[in-house]
Q: 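After the structure tokens below, expect a handful of questions from me.
Labels below follow one simple rule: chain letters A, B, ... track the order of the sequence lines, proteins then strands, and each chain is numbered from 1.
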There are 2 protein chains.
Amino acid sequence: MKTVTIGDVAAQAEVSKSTVSQYLNERYDYMGEKTKQRIQDAVEKLGYQPNIVARSLKQKSTKTIGVIVANILHNFTTEVTRAIEDVCHESDFHTIICNADDDPFKEKHYIEMLRAKQVDGLIIFPTGDNRDLYQKMLDGSYPVVFMDRELEGVEIPSVLLHNSKAVALAIEHFVEQGYRRIGMMTTSLKHHTTPRIERVEGYKNTLKNNEIPIHDEYIISVDSQSLQTELEELLHLEKPPEAMLAGNDLVLIETLKYVKHKGLRIPDDLAVIGIDDVSFASFYTPSITTVAQPTFKMGKAGAELLLNKIQMKKEIRNSSLRFEPTLMVRDSV
Amino acid sequence: MKTVTIGDVAAQAEVSKSTVSQYLNERYDYMGEKTKQRIQDAVEKLGYQPNIVARSLKQKSTKTIGVIVANILHNFTTEVTRAIEDVCHESDFHTIICNADDDPFKEKHYIEMLRAKQVDGLIIFPTGDNRDLYQKMLDGSYPVVFMDRELEGVEIPSVLLHNSKAVALAIEHFVEQGYRRIGMMTTSLKHHTTPRIERVEGYKNTLKNNEIPIHDEYIISVDSQSLQTELEELLHLEKPPEAMLAGNDLVLIETLKYVKHKGLRIPDDLAVIGIDDVSFASFYTPSITTVAQPTFKMGKAGAELLLNKIQMKKEIRNSSLRFEPTLMVRDSV
DNA sequence: CTGAAAGCGCTTACAG
DNA sequence: CTGAAAGCGCTTACAG
């Protein structure tokens with residue numbers, strides 16, 4: 001299958017390449033009807049398909065954006081990514097997803113790789129350890145949007161959950177149901193990521209507002225492999241928590257595994273709320289109360305922000321966007 | 001940030017563009033040490049990043065493959081896709097994922113789009129309705145691999161589950177546990193997709209082998225929205241099935257929702273097995289017996305098949321690859 | 001050991 | 001209304 005180029009079409013239609021190109025780009029302003037027709041016939045006869053790579057080189061735009069996620073295992077990530085793809089697709093943009101696996105080194109590699117591929121912009125769930133690189137892109141006014149996390153001192157706009165509110169929603173629900181001994185677990189991340197920090201802080205503030213003393217041993221931040229042993233310890237304290245807030249979906253799953261393994265009952269032995277509305281929450285037994293993030297809206301907002309930056313070329317307001325969580329009351333508390 | 005090109009590097013290092021290009025491509029065969037050093041210094045000083053679009057145009061290879069999935073909502077799809085990405089990443093290939101949403105029209109659009117973008121090959125979970133297009137790619141010896149489904153008469157190699165064995169595993173487990181009234185549900189697809197057909201056939205054969213009569217009303221294939229009402233009908237037959245095989249993850253989830261909604265108990269009121277080892281199977285209550293597909297192996301195989309086709313340029317054996325399912329015995333039967 | 005030149009397949013001022 | 005020419009940033013025979 002030898003590739004047919006714009007030159008072949010031009011020859012076939014007996015016009016110049018320029019004219020074919022005009023036609024292909026729908027700039028028919030002054031184009032004669034017969035010319036149009038001849039070109040169209042030639043295109044069909046030869047089965048011409050444009051070469052977007054060549055176009056991209058000339059136009060310096062690939063109509064493609066890159067998305068670098070910190071960790072694809074989170075349900076949040078998958079859903080946000082899907083929303084980003086949807087929005088981009090509507091604007092005829094393609095999307096290349098890369099998973100940095102919480103590794104700043106991989107993240108750096110992907111940023112360079114994607115820029116070498118001339119993607120028009122980047123949505124990053126930042127690991128946080130590549131400040132210089134972020135700053136350099138900002139200085140070069142290369143379009144970038146952060147997702148889920150923000151970085152103090154780096155003026156890249158970010159799309160975020162209103163984390164303190166998310167935690168408050170959960171904790172106050174526990175309190176309303178009469179719980180006072182409330183613990184919280186998150187996955188530890190060496191790099192100080194926004195959600196973890198804000199959620200732990202929100203946890204403390206909400207307890208304070210409700211005049212509940214804060215027990216530091218009720219707050220756990222560890223790697224997901226250590227969650228089981230930490231839970232074991234936590235629940236064997238003299239006064240163990242009677243309710244647990246799982247800081248994200250992975251923590252929730254580990255908690256449920258632990259509970260099942262130990263034959264505990266929810267909510268009688270342990271009440272549970274998870275941040276992130278996991279797929280099985282509604283039909284689990286018992287169904288799980290969660291704090292849902294508006295993942296679709298967030299992805300959409302991020303994509304739109306980026307596409308605006310790309311298309312307008314002008315500076316968009318660089319402030320972050322906060323999104324509202326929703327409490328999904330079910331049977332686990 | 002004006003872009004720095006190979007010409008700038010050449011000027012800075014006081015050599016020709018050709019030499020810089022050689023250096024960049026590690027063809028140092030005859031390159032002087034000082035030349036190398038000068039180029040390297042220039043690259044660093046200018047912060048040169050290659051433009052892969054330009055390279056791709058010349059080399060006629062983008063080091064990118066396209067993956068068109070029929071329906072991204074299946075867990076199977078997500079996992080296979082991730083494996084594909086892993087393998088490609090190791091070979092320095094990028095991946096563009098597109099979701100055809102079970103729509104042959106969208107599928108066609110994506111095939112054309114991706115080829116226009118000059119991807120080096122395609123992995124397709126085919127909807128089945130674009131035979132002409134598939135055949136044209138085959139005729140043009142454009143590298144394509146099918147996943148999950150195969151098409152009779154189209155000689156494109158496919159990576160598949162050993163579907164009849166998967167069903168046999170499940171049905172025989174039911175039988176061993178003493179069940180005789182065994183139903184099966186799959187999502188209907190107008191386009192006759194391999195897994196559905198093979199699974200229903202396998203179901204019938206296995207019953208036959210066990211000398212269990214086949215009740216046609218026990219076999220349901222409908223859109224996922226109609227599953228609830230179909231289940232309702234099915235379980236209100238005079239002699240309703242006592243065990244159900246869910247043909248994929250989405251069917252399983254609908255079944256579990258129904259069961260929970262009606263307050264039924266698994267396995268006492270209804271025994272359940274699902275094909276696809278869903279994330280929550282192990283910690284659901286009761287834990288769910290499933291037939292696991294080796295998703296990672298399958299994705300890996302598909303990606304390797306395709307990369308071989310791309311890199312060797314020679315014809316690879318075009319026969320399909322079948323993969324072995326595994327029964328994960330848990331508490332739902 | 002290195003450089004000049006052609007070319008990948010497009011687009012885009014500009015001239016007529 | 002249409003075409004000739006230059007150029008996007010690379011790579012690659014080929015000459016020396």
Q: Just the rounded figure in Å: distance from P of C:dT11 to CD1 of A:Ile6.
A: 5 Å
Q: Is B:Lys309 close to B:Tyr142 at the side-chain level, that is, under 4.5 Å between some pair of heavy atoms?
A: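 B:Tyr142 vs B:Lys309: side chains apart.
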Q: Respond yes when some side-chain nitrogen or oxygen of B:Ser16 is under 4.0 Å from OP1 or OP2 of C:dT2, and no when none is.
A: no
Q: Rounding to a whole Å, what distance do you find between A:Leu57:CG and D:dG7:C1'?
A: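 Distance, rounded to whole Å: 9 Å.
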Q: How long is the line joining CZ of B:Arg38 and P of C:dC1, in whole Å?
A: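 One finds 14 Å between P of C:dC1 and CZ of B:Arg38, rounded.
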Q: Tell me whether the OP1 or OP2 atom of D:dC10 has a side-chain N or O from B:Tyr48 closer than 4.0 Å.
A: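 For D:dC10, OP1/OP2 do have a side-chain N/O of B:Tyr48 under 4.0 Å.
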Q: What is the distance, to the nearest angstrom, from the CD1 atom on B:Ile52 to the C1' atom on D:dT11?
A: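 Distance check: B:Ile52 CD1 to D:dT11 C1' gives 14 Å.
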Q: Between D:dC10 and B:Ser21, is there an OP1 or OP2 to side-chain N/O distance shorter than 4.0 Å?
A: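 Result: no.
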Q: With a 4.0 Å limit, can you tell me whether B:Gln59 has a side-chain N or O closer than that to the phosphate oxygens OP1/OP2 of D:dT12?
A: yes
Q: Base, sugar-phosphate or nothing for A:Thr35? Non-hydrogen atoms, less than 4.0 Å.
A: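 A:Thr35: backbone/sugar contact only, no base atoms under 4.0 Å.
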Q: Using ring-ring contact (aromatic ring centres under 6.0 Å, His included), reason through A:Phe125 and A:His74 one step at a time and then give a plain yes or no.
A: CA-CA 12 Å; A:Phe125 296 57; A:His74 287 290; 9.7 Å; no
Q: OP1 or OP2 of C:dC8 less than 4.0 angstrom from a side-chain nitrogen or oxygen of A:Asn51, does that happen here?
A: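 Checking C:dC8 against A:Asn51, no side-chain N or O comes under 4.0 Å of OP1 or OP2.
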Q: Expressed as a whole number of angstroms, how long is the span from B:Lys117:NZ to C:dC10:P?
A: 15 Å
Q: With side chain to side chain donor-acceptor pair (under 3.5 Å) as the criterion, how do A:Glu150 and A:Ser158 come out once you've worked through the C-alpha distance, each side chain's angles and the decisive distance to 0.1 Å?
A: CA-CA 6 Å; A:Glu150 64 182 354; A:Ser158 187; 5.0 Å; no
Q: Select base, sugar-phosphate, or nothing to describe what A:Lys60 touches, counting heavy atoms under 4.0 Å on all strands.
A: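 Touches sugar-phosphate only.
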Q: Which nucleotide sits closest to the side chain of B:Lys58: D:dT11, C:dT2, D:dA5?
A: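 My answer, after comparing the listed nucleotides, is D:dT11.
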Q: For A:Leu24 and C:dT11, what is the distance between atoms CG and P respectively, to the nearest whole Å?
A: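 Atom-to-atom, A:Leu24 to C:dT11, this comes out as 7 Å.
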Q: Under 4.0 angstrom, heavy atoms only, what part of the nucleic acid is B:Val15 near: base, sugar-phosphate, or nothing?
A: sugar-phosphate
Q: Using side chain to side chain donor-acceptor pair (under 3.5 Å), reason through B:Lys117 and A:Thr64 one step at a time and then give a plain yes or no.
A: CA-CA 10 Å; B:Lys117 287 199 118 181; A:Thr64 303; 2.3 Å; yes
Q: Please give the nucleotide sitting opposite C:dA15 as a Watson-Crick or G-U wobble pair, both distances under 3.5 Å, or none.
A: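 Pairing partner, where one exists within any strand: D:dT2.
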Q: Rounding to an integer number of Å, can you tell me how far A:Lys17 NZ sits from C:dG7 C1'?
A: 11 Å
Q: Taking 4.0 Å as the cut-off, does a side-chain nitrogen or oxygen of B:Thr3 come that near to OP1 or OP2 on D:dG9?
A: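 Checking B:Thr3 against D:dG9: at least one side-chain N or O falls below 4.0 Å of OP1 or OP2.
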Q: NA contact type, A:Ser18, heavy-atom cut-off 4.0 Å: base, sugar-phosphate, or nothing?
A: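 Result for A:Ser18 = base.
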Q: Between B:Glu304 and B:Lys297, does any side-chain N to carboxylate O distance fall below 4.0 Å?
A: no
Q: How many Å lie between CD on B:Gln22 and P on C:dG3, as a whole number?
A: 10 Å
